[in-house]
Peer 1: 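Quick one: the structure is below, and I'll ask about it shortly.
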Amino acid sequence: KRKIHKRVMPRLGGLAVIAGFSVSVIYLLIVMTLEGSASFESYYTQLIGFFAGALVLSIFCFIDDLKGIPAIVKLLGQIIAACIVVFTGTSIERIELFNLSGTFVNNETFLLIFTVIWIVGITNAINLIDGLDGLSSGICLISCISLLIIFALNDSPMISIILVTALAGAVLGFLPFNFNPARTFIGDTGSNFLGFALAIIAIIGAAKTYTAIVLIAPLIVLAIPLLDTTLAIFRRMIKTKSLKGIFQADKEHLHHKIMKRGYSQKQAVFMLYGLTATLGMFAIILLESGIWKALSFALMVIAIIAVGYKDLMKLRKDEETD
């Protein structure tokens, strides 16, 4: 009942994304190491953990795509994958935010737990927004481009730039087959991997800087899927009056609400693309030019949207009258 499409579709397109990403990363690491243009020895353990975690997650999600598994079992797979990443050295090392330095917030145990929550949260955020043709993959592509610019401006480690570029390339190659009308779906295997990879890449990209904005920037870039996930959790809990209700899928996500207002799949997808791109620009301006220029940009966009929405409603009203 929740499905938007009307015919049977293949759901293992995510395997192509994972393969494209993996081949690109391994190739670049080997070539750059042989050329002597960069050294990645200090990241080998983290990379092994990343790929091992991705493999575990993909196995759970592959089974889900083929036969279906309970949501709680898939959540367990996400937690195991996140723990593998954390135990192999990838974690948020420090939080410099609202003068919280030196408190329990920067306690090592707290940071490890917070990292697992971060990875699982973003993994689910991308997975849950995967409800329309090309939506999750397009949002991931825009997020990758935004993070790439943020990493470049922030002088982040080269490994983070390689990873985010490879992920963007893998998604870009897949998107033409997934955009409406889709010929294949990315499936849970692909959408979970996209969120999992974005979460880890964001941590690696911010690893050497500890400034608040570098930690906040990925949250801003991924605000749409994170907001959708947060709303879904509270909505389902209130509706079912039970924690178990969180795992009960519904048809009340942001993209569903947009379509209920009369917009087509493509229009809904482009709207969410635009919002994601705007948030990405906001994060970039915030990092490069400060809060006031970022707010000025946000106000300008809001004004343009308000005027455009008013004109669109007027056009619709005239069409209905005719």
Peer 1: Which heavy-atom pair separates Gly205 from Asn154 by the least distance, and what is that distance?
Peer 2: O-ND2, 4.2 Å
Peer 1: Only counting residues at least two apart or in another chain, list the ones meeting side chain to side chain donor-acceptor pair (under 3.5 Å) with Thr123.
Peer 2: none
Peer 1: Is there a side-chain contact between Pro157 and Tyr43 (heavy atoms, below 4.5 Å)?
Peer 2: yes
Peer 1: Quick check against the 3.5 Å criterion: does Asp188 have a side-chain atom that pairs as donor or acceptor with the backbone of Phe62?
Peer 2: no
Peer 1: Are Leu147 and Phe151 close enough that some pair of their side-chain heavy atoms sits under 4.5 Å apart?
Peer 2: yes
Peer 1: As an exercise, state the distance from CD1 of Ile201 to CD1 of Ile122, rounded to the nearest 0.5 Å.
Peer 2: 11.0 Å
Peer 1: Please check if the side chain of Thr115 supplies one atom and the backbone of Ser91 the other of a donor-acceptor pair under 3.5 Å.
Peer 2: no
Peer 1: List the atom of Val221, the atom of Ala283, and the distance in Å for their closest heavy-atom pair.
Peer 2: CG2-CB, 4.0 Å
Peer 1: What I'd like to find out is whether the side chain of Val171 reaches to under 4.5 Å of the side chain of Ile186, using heavy atoms alone.
Peer 2: no
Peer 1: Taking the side chain as every heavy atom from C-beta outward, state whether Leu29 and Ile159 have any atom pair closer than 4.5 Å.
Peer 2: yes
Peer 1: Can you check whether Leu163 reaches Leu47 side chain to side chain, under 4.5 Å on heavy atoms?
Peer 2: yes
Peer 1: Can you see which heavy atom on Leu167 is nearest to which on Leu194, and at what distance?
Peer 2: CD1-CD2, 3.9 Å
Peer 1: Should the ring pair Trp118 and Phe114 be called parallel, tilted or perpendicular, given that the plane angle runs from 0 to 90° and is split at 30 and 60?
Peer 2: tilted
Peer 1: Would you say the side chain of Pro225 lies within less than 4.5 Å of the side chain of Leu128, judging by non-hydrogen atoms?
Peer 2: no
Peer 1: Got a sec, which pairs hit ring pair (Phe, Tyr, Trp, His ring centres under 6.0 Å) with one end in residues 19-41, sequence neighbours left out?
Peer 2: Phe21-Phe50, Phe21-Phe193
Peer 1: Quick one: CG on Leu272 to CD on Gln267, what's the gap to the nearest 0.5 Å?
Peer 2: 12.0 Å
Peer 1: Using ring centroids (six-membered ring only for Trp), state whether Phe51 and Phe196 fall under 6.0 Å.
Peer 2: no
Peer 1: Hey, what do you get for CD1 (Ile224) to CG (Leu275), rounding to the nearest 0.5 Å?
Peer 2: 4.5 Å
Peer 1: Using a cut-off of 6.0 Å, state whether more than 12 heavy atoms not belonging to Phe179 lie near its atom CZ.
Peer 2: yes
Peer 1: Given 3.5 Å as the limit, does a donor-acceptor pair link the side chain of Ser22 with the main chain of Ala19, or not?
Peer 2: no
Peer 1: Give, for atom OG1 of Thr90 and atom CD1 of Ile119, the distance between the pair rounded to the nearest 0.5 Å.
Peer 2: 7.5 Å
Peer 1: Could you check Lys74 against Asn127 for side-chain contact (heavy atoms from CB on, under 4.5 Å), going step by step and ending with a plain yes or no?
Peer 2: CA-CA 11 Å; Lys74 190 164 64 174; Asn127 180 45; 3.6 Å; yes
Peer 1: Does Asp65 reach the main-chain N or O of Gly187 with its side chain, forming a donor-acceptor pair under 3.5 Å?
Peer 2: no
Peer 1: Report yes if the side chains of Thr88 and Ile48 come closer than 4.5 Å at any heavy-atom pair, otherwise no.
Peer 2: no
Peer 1: So how far is it from Leu227 CG to Leu222 CG, rounded to the nearest 0.5 Å?
Peer 2: 12.0 Å
Peer 1: In this structure, are over 12 heavy atoms from other groups packed under 6.0 Å from Met32 atom CE?
Peer 2: yes
Peer 1: For Ala168 and Leu141, which heavy atoms make the closest approach, and how far apart are they?
Peer 2: O-CD1, 3.5 Å
Peer 1: Return the set of residues passing side chain to side chain donor-acceptor pair (under 3.5 Å) with Lys257 (not counting sequence neighbours), or none when no residue passes.
Peer 2: Glu252
Peer 1: Could you list the donor-acceptor pairs under 3.5 angstrom formed between side-chain atoms of residues 77-84 and any protein atom two or more places apart in sequence or on another chain?
Peer 2:
unit_1 : atom_1 : unit_2 : atom_2 : d
Gln78  : OE1    : Asn124 : ND2    : 2.7
Gln78  : NE2    : Asn124 : OD1    : 3.3
Gln78  : NE2    : Asn192 : OD1    : 2.7

Peer 1: In the hydrophobic cluster built from side-chain contacts under 4.5 Å, what are the other members alongside Ile117?
Peer 2: Ile113
Peer 1: Please round to the nearest 0.5 Å and tell me the distance separating atom CG of Leu148 and atom CD1 of Ile162.
Peer 2: 11.5 Å
Peer 1: Report the residues that fulfil side chain to side chain donor-acceptor pair (under 3.5 Å) with Ser136, sequence neighbours left out, ordered by chain and then residue number.
Peer 2: Asp130
